[in-house]
Each structure stands twice: as structure tokens, then as C-alpha cells.
Amino acid sequence: MQNYSNKCSECDSNIEDQGKVIDYFDDYSAYMDISLMKLLDGDPQSFDNHQCLHYFYCENCNHEEIIAVNEEGSIQ
């Protein structure tokens, strides 16, 4: 996982937060309890660290990144 800087690590253009990774699992995952879903997000520490994995996308070069976001809204 990367530190979030608003810049794409590949081309230095703006990179946009596309939302929680778990929201992309299926049609109903966005409606599931977030605490339960964080147990399935691929990061075994996200629940304990109070983080949520977000999908970031760069429209300039099509680069994708998964970045841990603190529950309080700050990003690590």
C-alpha cells in the first residue's frame, strides 16, 4: 500500500478516490456492515488498525492503487 498524496505514483497527475474496495465486491456489499466487510477486504490488519482500503484511479495513465484510509478520514 502507498501513502496518499493526491498525485499518481506513475505520472504525477491527480489521482482520484473511487471509494471503498469492499464496495466493488458485488451489488450488495455497499449495504453490508463495514466492520464485517473489513474482515474480508484482503488486509488482515484493516479492522484492528481502524482503516479502510480505498481504490484510487488515475484518468491520465490508467494507473490503479489501493490505499489504506483511516476511519477518521485521514490517510496513512
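No experiment lies behind these values; they were computed from the predicted model shown.
Surrounding CD of Glu59 are at most 12 heavy atoms belonging to other residues, nucleotides or ligands under 6.0 Å away.
The side chain to side chain contact (heavy atoms under 4.5 Å, CB included) with Tyr55 is formed by just one residue from the set Val21, Asp23, Ile22; it is Val21.
Nearest heavy-atom pair, Asn60 versus Ser13, reported as atom, atom and distance to 0.1 Å: ND2-OG, 3.2 Å. Closest approach of Ala68 and Gln51 over heavy atoms only: CB-OE1, 3.7 Å.
Looking at His63 and Ser9, their side chains come closer than 4.5 Å, going by heavy atoms from C-beta outward. Residues Lys20 and Leu53 form no side-chain contact, since every pair of their non-hydrogen atoms from C-beta on lies 4.5 Å or further apart. Proximity of Cys58 to Glu10: side-chain heavy atoms (C-beta onward) are nowhere separated by under 4.5 Å.
Residues satisfying the side chain to side chain donor-acceptor pair (under 3.5 Å) criterion with Asp12, sequence neighbours excluded, are absent altogether.
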Could you check Asp17 against Tyr57 for side-chain hydrogen bond (donor to acceptor under 3.5 Å, both in side chains), going step by step and ending with a plain yes or no?
CA-CA 7 Å; Asp17 186 345; Tyr57 178 73; over 6 Å; no
